[in-house]
Amino acid sequence: MKKYIWGIGIAVVLLASGGGYYFYQDYQAQQAGQSEFSNDDDDVDAGDLNGYTDDDTADDESDSSSESSDSESSDSESNSESSSESSESSTDESDSPETNLVYGHFDKSKMKDYVSDLKKNSAGFYQGHAGAMRITFGITNDTINVAEMSFVDSPMDLKLDASHINELTTQWMGSDAKQDSQSADGKTAVYSSATLNRVYKVDRTLNSNGELTEIRVGINN
């Protein structure tokens, strides 16, 4: 009986000891698991913060770069369009069949090929010379309304020099211009151009000998 009781006592001690050991192992495992979970949470939080910051900064930089690029592109297109429109306008006027003709656009650069020392005088007219002949242009808003040729020192005979006088007169008109009428004294005349649909008034100045000293070609009002 004593041996039986003693055996039971030893068994109880062993069970208690073994249970404590396993309880201790289970406790250690739980502590280790909590520690790993806590570290994982810290890593995720840090990763999320870094990820948000990087993405947010990248997005801001991308948006800023995109807006800047769009603005530069818009300015470039606007300048290009403006430049293109200005160039087209200038080209259209310079290439017009009426450029440097009465009623047409005044192109000083091209006029210099024919009229030397061309410049604007104190009265607001452009004036220069073609040989011994002085030429004066009356211009309003870049449009020639008067072309005047003066050759006082080399007067012309209205009859003998008729062909040359006609050439001087019509050089400021359409290429098909012709005289439609003339006053009895020959001091005024009317010319027209069918291709340009223009009518020109011509005034002539004569000296005391009845010789031509000046031709004035203007818009027919």
Side-chain angles (χ1 to χ4, degrees), residues 82-221:
S82 177
S83 177
S84 176
E85 290 175 357
S86 176
S87 176
E88 288 176 0
S89 176
S90 177
T91 300
D92 290 342
E93 291 178 338
S94 297
D95 292 341
S96 168
E98 282 193 294
T99 297
N100 286 343
L101 301 181
V102 172
Y103 288 103
H105 173 71
F106 177 68
D107 188 334
K108 184 179 178 180
S109 63
K110 290 183 178 180
M111 190 68 78
K112 285 183 177 180
D113 294 337
Y114 174 65
V115 183
S116 63
D117 64 353
L118 184 64
K119 61 183 179 181
K120 197 171 187 177
N121 62 22
S122 58
F125 296 99
Y126 278 90
Q127 197 170 75
H129 292 82
M133 183 170 58
R134 186 189 68 206
I135 302 179
T136 305
F137 299 100
I139 299 170
T140 302
N141 296 327
D142 293 329
T143 297
I144 299 175
N145 49 50
V146 175
E148 182 182 275
M149 294 156 283
S150 179
F151 34 90
V152 177
D153 296 332
S154 302
M156 299 181 192
D157 187 281
L158 288 175
K159 292 182 179 179
L160 297 178
D161 299 314
S163 179
H164 184 44
I165 292 172
N166 185 65
E167 289 178 359
L168 292 176
T169 303
T170 57
Q171 68 179 323
W172 309 113
M173 308 176 183
S175 59
D176 64 334
K178 60 183 180 62
Q179 181 175 295
D180 296 328
S181 62
Q182 177 178 282
S183 64
D185 58 10
K187 291 184 178 181
T188 61
V190 175
Y191 284 68
S192 64
S193 168
T195 57
L196 297 180
N197 192 30
R198 299 295 193 188
V199 177
Y200 311 89
K201 181 182 179 182
V202 177
D203 294 302
R204 302 179 181 123
T205 300
L206 308 177
N207 61 18
S208 58
N209 297 322
E211 298 172 316
L212 182 66
T213 59
E214 186 177 275
I215 302 173
R216 179 186 176 94
V217 181
I219 293 173
N220 186 53
N221 295 320

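Taking the side chain as every heavy atom from C-beta outward, Leu196 and Pro97 approach each other to under 4.5 Å. Within the 4.5 Å cutoff, the side chain of Ile135 has heavy atoms near those of the Trp172 side chain. When side chains are defined from C-beta on, Leu168 counts as touching Met133, because their heavy atoms get closer than 4.5 Å. At least one side-chain heavy atom of Leu206 sits under 4.5 Å from a side-chain heavy atom of Leu158. The closest side-chain heavy-atom distance from Asp203 to Thr205 is not below 4.5 Å.
Under a 3.5 Å cut-off, the side chain of Asp161 and the backbone N or O of Asp157 do form a donor-acceptor pair. A donor-acceptor pair under 3.5 Å is absent between the side-chain atoms of Asn141 and the main chain of Thr143, judged by distance alone.
The neighbour count for Asn197 CG, taken as heavy atoms of other residues, nucleotides or ligands under 6.0 Å away, does not exceed 12. Heavy-atom neighbours of Tyr114 OH from other residues, nucleotides or ligands within 6.0 Å: above the threshold of 12.
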Item checked: Audit row: Met173, Val202, side chain to side chain contact (heavy atoms under 4.5 Å, CB included) steps and yes/no -> CA-CA 11 Å; Met173 308 176 183; Val202 177; 3.7 Å; yes
Next item on the list: Please report the C-alpha distance between Ser96 and Thr99 in whole Å, then the side-chain angles of each, then the deciding distance to 0.1 Å, and finally whether the side chain to side chain contact (heavy atoms under 4.5 Å, CB included) criterion is met.
Entry: CA-CA 5 Å; Ser96 168; Thr99 297; 3.7 Å; yes
Next item on the list: May I have the step-by-step check of side chain to side chain contact (heavy atoms under 4.5 Å, CB included) for Ile144 and Glu98, ending in yes or no?
Entry: CA-CA 10 Å; Ile144 299 175; Glu98 282 193 294; over 6 Å; no
Margin query: Applying side chain to side chain contact (heavy atoms under 4.5 Å, CB included) to Ile165 and Leu212, what does each step give before you reach the verdict?
Written below: CA-CA 9 Å; Ile165 292 172; Leu212 182 66; 3.6 Å; yes
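Taking CD of Glu211 as the reference point, atom OG of Ser154 lies at 10.5 Å (rounded to 0.5 Å). Between the CZ atom of Arg204 and the OG1 atom of Thr213 there is a distance of 12.0 Å, given to the nearest 0.5 Å. We find the OG-NZ distance between Ser192 and Lys178 to be 4.5 Å, quoted to the nearest 0.5 Å. With rounding to the nearest 0.5 angstrom, the CD atom of Glu148 is 6.5 Å from the CZ atom of Arg134. With values rounded to the nearest 0.5 angstrom, Asn207 atom CG is found 12.0 Å from Glu214 atom CD. Note: Ser116 OG to His129 NE2 = 7.5 Å, rounded to the nearest 0.5 Å.
Here the closest non-hydrogen pair linking Asp176 and Ser193 is OD1-OG, 2.7 Å.
Between the side chains of Asn145 and Thr140, at least one donor N or O lies within less than 3.5 Å of an accepting N or O.
The aromatic rings of Tyr200 and Tyr103 stand perpendicular to each other, their planes meeting at an angle above 60°, with 30° marking the opposite boundary. Taking the six-membered ring for Trp and thresholds of 30 and 60 degrees, Phe137 and Phe106 have ring planes inclined between 30 and 60 degrees apart.
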